[in-house]
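This report refers to the structure that appears directly beneath it.
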Amino acid sequence: QVQLVESGGGLVHPGGSLRLSCVVSGFTSGAYPMMWYRQAPVKERKLVSTISSVDAGDTKTYADSMKGRFTISRDNAKNTLYLQMNSLKYEDTAVYYCYTRRFLTDYWGQGTQVTVSS
């Protein structure tokens with residue numbers, strides 16, 4: 001059974017940092033591209049970052065507003081995806097989801113809430 005389980009969200013002050021984790025079960029995450037999305041209140045879900053499969057070189061991409069602040073990575077031994085978020089801003093407040101697509105099926109985690117507030 002495929003499962004993606006996020007954790008690591010919370011309340012943080014502007015300028016602070018958080019590291020999100022997404023534990024994958026049911027398949028080898030390194031064999032597929034993995035993504036982080038986020039959804040702010042009353043807004044559409046948006047792509048934050050992508051990491052390609054290991055075979056494709058673990059190539060990383062970021063939305064423009066996250067470049068230089070967020071870092072996506074994975075630990076293949078732990079089958080876990082990470083998102084290191086630094087210099088957090090009020091506008092980063094959202095529910096963050098990990099996602100992948102394999103064999104024409106979309107898989108989403110349940111999400112983890114990140115709130116940036118003073």
Side-chain angles (χ1 to χ4, degrees):
Q1 181 182 359
V2 174
Q3 277 194 311
L4 282 65
V5 180
E6 303 97 333
S7 62
L11 176 64
V12 63
H13 293 307
S17 298
L18 283 174
R19 188 177 81 155
L20 307 183
S21 300
C22 173
V23 177
V24 177
S25 57
F27 70 97
T28 302
S29 63
Y32 297 89
M34 298 288 299
M35 294 86 169
W36 285 99
Y37 279 79
R38 71 183 187 185
Q39 187 167 20
V42 301
K43 292 190 176 180
E44 293 182 352
R45 195 169 294 189
K46 292 188 176 180
L47 180 64
V48 171
S49 182
T50 300
I51 185 167
S52 70
S53 67
V54 172
D55 286 351
D58 271 350
T59 303
K60 303 170 185 180
T61 63
Y62 302 92
D64 286 344
S65 62
M66 288 75 168
K67 288 179 181 176
R69 299 191 300 125
F70 290 11
T71 304
I72 191 171
S73 63
R74 61 163 115 232
D75 184 331
N76 293 320
K78 295 181 178 179
N79 217 24
T80 300
L81 179 73
Y82 300 102
L83 185 68
Q84 177 67 43
M85 306 187 296
N86 299 328
S87 302
L88 283 162
K89 304 176 181 180
Y90 293 113
E91 53 265 40
D92 294 319
T93 294
V95 179
Y96 286 72
Y97 299 89
C98 62
Y99 164 85
T100 194
R101 182 175 177 86
R102 56 192 291 271
F103 303 119
L104 303 180
T105 300
D106 296 326
Y107 295 97
W108 294 93
Q110 84 287 353
T112 186
Q113 175 72 47
V114 172
T115 302
V116 184
S117 175
S118 56

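In this structure, Leu47 shares a hydrophobic cluster with Met35, Tyr37, Val95, Tyr97, Tyr99, Trp108, the cluster being traced through Ile, Leu, Val, Met, Phe, Trp and Tyr side chains under 4.5 angstrom apart.
Within the 4.5 Å cutoff, no side-chain heavy atoms of Thr112 are placed close to those of Ser7. Side-chain atoms of Ser25 and Gln1, non-hydrogen and from C-beta on, never get closer than 4.5 Å to each other.
Taking CZ of Arg38 as the start and CE of Met66 as the end, the distance is 3.0 Å to the nearest 0.5 Å. Note that OG of Ser49 and NZ of Lys60 are 8.5 Å apart. Values are rounded to the nearest 0.5 Å. Note that CD1 of Ile72 is 7.5 Å distant from OG1 of Thr61, once rounded to the nearest 0.5 Å. Going from atom OG1 of Thr100 over to atom CD1 of Ile51 covers 11.5 Å, rounded to the nearest 0.5 Å. Between atom CG of residue Leu81 and atom SG of residue Cys98 there is a gap of 6.0 Å, rounded to the nearest 0.5 Å. We find the CG-OH distance between Leu83 and Tyr96 to be 7.5 Å, quoted to the nearest 0.5 Å.
Across every non-hydrogen atom of Gln113 and Ala94, the tightest pair is NE2-O, 3.4 Å. For the pair Pro14 and Ser118, the tightest heavy-atom approach, listed with the atom from each and the gap, is CD-N, 3.9 Å. Closest approach of Leu11 to Ser117, counting heavy atoms only: CD1-CB, 3.9 Å. Heavy-atom minimum distance, Pro41 versus Thr93: CD-O, 4.4 Å.
A donor-acceptor pair under 3.5 Å is absent between the side-chain atoms of Ser21 and the main chain of Tyr82, judged by distance alone. Under the 3.5 Å distance criterion, the side-chain polar atoms of Ser53 are left unmatched by any main-chain donor or acceptor of Pro33. A donor-acceptor pair is defined here as one N or O able to donate and one able to accept, closer than 3.5 Å; such a pair exists between the side chain of Thr80 and the backbone of Lys78. The closest donor-acceptor contact from the side chain of Glu6 to the backbone of Gln110 lies under 3.5 Å.
The cluster map of Ile, Leu, Val, Met, Phe, Trp and Tyr, joined by side-chain heavy atoms under 4.5 Å apart, puts Met34 and Val2 in the same cluster.
A donor-acceptor contact closer than 3.5 angstrom links the side chains of Ser29 and Asn79.
Counting non-hydrogen atoms of other residues, nucleotides and ligands closer than 6.0 Å to CD of Glu91 gives a total above 12.
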Applying side-chain contact (heavy atoms from CB on, under 4.5 Å) to Thr28 and Val54, what does each step give before you reach the verdict? CA-CA 10 Å; Thr28 302; Val54 172; over 6 Å; no
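Looking at residues two or more places apart in sequence or on another chain, you find a salt bridge (Lys or Arg N to Asp or Glu O under 4.0 Å) between Lys67 and Asp64. With sequence neighbours excluded, the residues satisfying side-chain contact (heavy atoms from CB on, under 4.5 Å) with Thr105 are Tyr107. By the side-chain contact (heavy atoms from CB on, under 4.5 Å) test, Lys46 is found to be paired with no residue, residues two or more places apart in sequence or in another chain being considered. By the side-chain contact (heavy atoms from CB on, under 4.5 Å) test, Val12 is found to be paired with Leu18, Leu88, Val116, residues two or more places apart in sequence or in another chain being considered.
Screening residues 11-37 for salt bridge (Lys or Arg N to Asp or Glu O under 4.0 Å) gives no qualifying pairs among residues at least two apart or on separate chains.
Ring centroid separation for the pair Tyr32 and Phe27 comes in under the 6.0 Å cut-off.
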